[in-house]
Amino acid sequence: MNCRKIFATLCIVIAIAGCDKENDNLVNPLTSEQFPQVITFDDEGDGDLEDADEFSFVLKLNDRVDPEGSELGGKIIPLKSDAIVSFEIKEFEGFSNTADYILDAKAFFEVDDCTTSEDLGIDLGLLFDPSTGKGTVRFPADVEEIEIAFETDEDYFDDNDLNDSERSITLVITKVENTADNVTFNSSAEFKYEILDDEAIHGDWEMDISNAAQFDAFKNLFSLVNEDIADLDAADVEKIEISIEYNEVKVVIELKELEEEDDCGNIELVNKVIEIEAEIEELTTQSKNGEIEFVGEIEKDNGGVEEFVYKGDFIITGSVLQLVLTGEYDGTENGPEILEFEK
């Protein structure tokens, strides 16, 4: 072998040795199946009025890569064995002892639209101590999410005063135990439940549809986002209601016309409704007057989505809510209109 060949061979050996040394610190990336399953809260929070007799939160599994590739955005892959989830009340505002407000608790999951695990006698082994705020629950295999509902004392917060301080409960997950699955929890996630004051703007408010000026003002304002409203006569309508809920506004027109509704096999005659839903962007709370803005979406004929916005001011006098609103949608603006509702 001549010198050139010997030299070339040595270079190849040195190069290979160098590559091996460089690869010593490389780490192979994990496949999607090797990442842990994550249990977390379905929402960051919720709220209801002072006289609500329960509240609940949902624990769910995070989406993962669909192994079949049919769901490009990911899908929930249920656990293969049960997990025990520990949770607790991290903090609370507005009262000194949670046991005075929370009376009992239950846990369940939906089997289908008409059946829950409770209906089938399935026990999720929920343990919860209202005095300490600590609890554990079984998260079953082959289930995507479970719900924990707390029975509350509906008279505890219910009063006739406008409260100017926060009343809330914040929960966190503290531990997940499972010996067969690679499963953990989102340690930064929290769920906050807020008690809403019905002396302020939250709650259900009904319009006097016999007032022709008010009925016309309502039609002018909301026909902007639903053309069926423009053709309504007062004789067609049973009631008009606006509900200011936790983070959401619902406008409901209940018609006198009836339709059949299948309630899990029970056929009932119910009033047809036209409903507009929107998320609250701005709202003055714990006050008899302030600002309100809510935003919704409408799907266009071309498959796209466009936002509508209603914003303005409100004032509450006695049991009457007066709204001064302007609506904007698709380059058109309606209003301002003055609407009055009564609780």
Side-chain angles (χ1 to χ4, degrees), residues 32-33 35-48 52-88 102-130 134-152 169 171-186 189 191 193 245-246 248 250 259-270 273 275 277:
S32 60
E33 292 77 13
F35 282 100
Q37 295 269 54
V38 179
I39 294 176
T40 189
F41 293 108
D42 183 46
D43 292 303
E44 294 181 355
D46 197 3
D48 208 343
D53 58 6
E54 74 167 27
F55 74 91
S56 67
F57 66 91
V58 172
L59 295 174
K60 69 164 190 175
L61 287 162
N62 274 353
D63 288 349
R64 295 170 62 86
V65 174
D66 181 5
E68 298 175 355
S70 58
E71 298 291 339
L72 298 181
K75 65 181 292 186
I76 293 177
I77 309 295
L79 299 175
K80 296 178 181 177
S81 61
D82 295 354
I84 303 299
V85 181
S86 299
F87 61 92
E88 66 178 43
I102 299 176
L103 306 177
D104 202 358
K106 63 181 180 179
F108 57 92
F109 60 87
E110 286 191 1
V111 178
D112 54 43
D113 291 341
C114 300
T115 312
T116 70
S117 56
E118 279 190 300
D119 300 326
L120 301 180
I122 299 172
D123 183 9
L124 298 188
L126 174 66
L127 299 174
F128 179 73
D129 184 350
K134 295 182 178 181
T136 60
V137 66
R138 180 171 65 90
F139 196 114
D142 299 321
V143 169
E144 295 185 359
E145 63 182 34
I146 63 172
E147 185 169 349
I148 292 90
F150 296 105
E151 179 190 351
T152 58
I169 295 174
L171 292 120
V172 294
I173 305 169
T174 56
K175 185 168 62 173
V176 171
E177 298 173 273
N178 178 286
T179 56
D181 293 285
N182 182 14
V183 58
T184 185
F185 63 97
N186 185 344
F191 175 86
Y193 175 74
E245 302 177 356
Y246 173 83
E248 185 178 41
K250 289 183 180 178
E259 64 180 353
E260 288 187 349
E261 181 179 82
D262 186 350
D263 182 17
C264 297
N266 297 319
I267 307 300
E268 300 177 347
L269 281 176
V270 298
V273 297
E275 190 168 273
E277 295 184 355

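What you are looking at is a predicted structure, and each value in this text was computed from that prediction instead of being measured. Hydrogens, waters and symmetry mates play no part in the numbers below; they use all other heavy atoms, side chains included.
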Sorted by chain and number, sequence neighbours left out, ring pair (Phe, Tyr, Trp, His ring centres under 6.0 Å) with Phe55 holds for Phe150, Tyr193
With rounding to the nearest 0.5 Å, note down the distance linking CD in Glu261 to CG in Asn266.
10.5 Å
At what distance, to the nearest 0.5 angstrom, does CZ of Phe128 lie from CD of Glu88?
10.0 Å
So which pairs with a foot in residues 140-149 pass salt bridge (Lys or Arg N to Asp or Glu O under 4.0 Å), sequence neighbours left out?
none
Closest non-hydrogen atom pair between Ile76 and Asp63, with its separation
CG1-OD1, 3.2 Å
To the nearest 0.5 Å, how far apart are CZ in Phe109 and CD1 in Ile146?
9.5 Å
What is the minimum heavy-atom distance between Ile39 and Val85, and which atoms define it?
CD1-CG2, 3.9 Å
Taking only residues two or more places apart in sequence, or in another chain, which ones meet Asn62 in a side-chain contact (heavy atoms from CB on, under 4.5 Å)?
Val38, Thr40, Lys60
Measure the CD-CD distance between Glu277 and Glu248 for me, rounded to the nearest 0.5 Å.
5.0 Å
If you compare all heavy atoms of Phe41 against all heavy atoms of Ala189, which two are closest, and at what distance to 0.1 Å?
CE1-O, 3.7 Å
One should read off an interatomic distance between Asp42 CG and Ser56 OG, to the nearest 0.5 angstrom, of 10.0 Å
For residues Glu54 and Glu151, report the shortest heavy-atom separation together with the two atoms involved.
CB-CA, 4.3 Å
For the backbone of Ile102 and the side chain of Thr152, can you confirm whether one donor and one acceptor N or O come within less than 3.5 Å of each other?
no
side-chain contact (heavy atoms from CB on, under 4.5 Å) test vs Val176 passes for just one of Thr184, Asp181, Val183, namely Val183
The reported gap from NZ in Lys106 to CG in Asp123 (rounded to nearest 0.5 angstrom) is 13.0 Å
Under 6.0 Å between the ring centres of Phe191 and Phe87?
no
Please name the pair of heavy atoms, one in Ile148 and one in Ala107, separated by the smallest distance, quoted to 0.1 Å.
CG1-CB, 4.2 Å
Using a 3.5 Å distance criterion without hydrogens, assess whether the side chain of Asp82 forms a donor-acceptor pair with backbone atoms of Ala141.
yes
Of all heavy-atom pairs between Tyr246 and Gly47, which one has the smallest distance, and what is that distance?
CG-N, 3.3 Å
For Pro78, does its backbone N or O pair with a side-chain atom of Arg64 as donor and acceptor, under 3.5 Å?
no
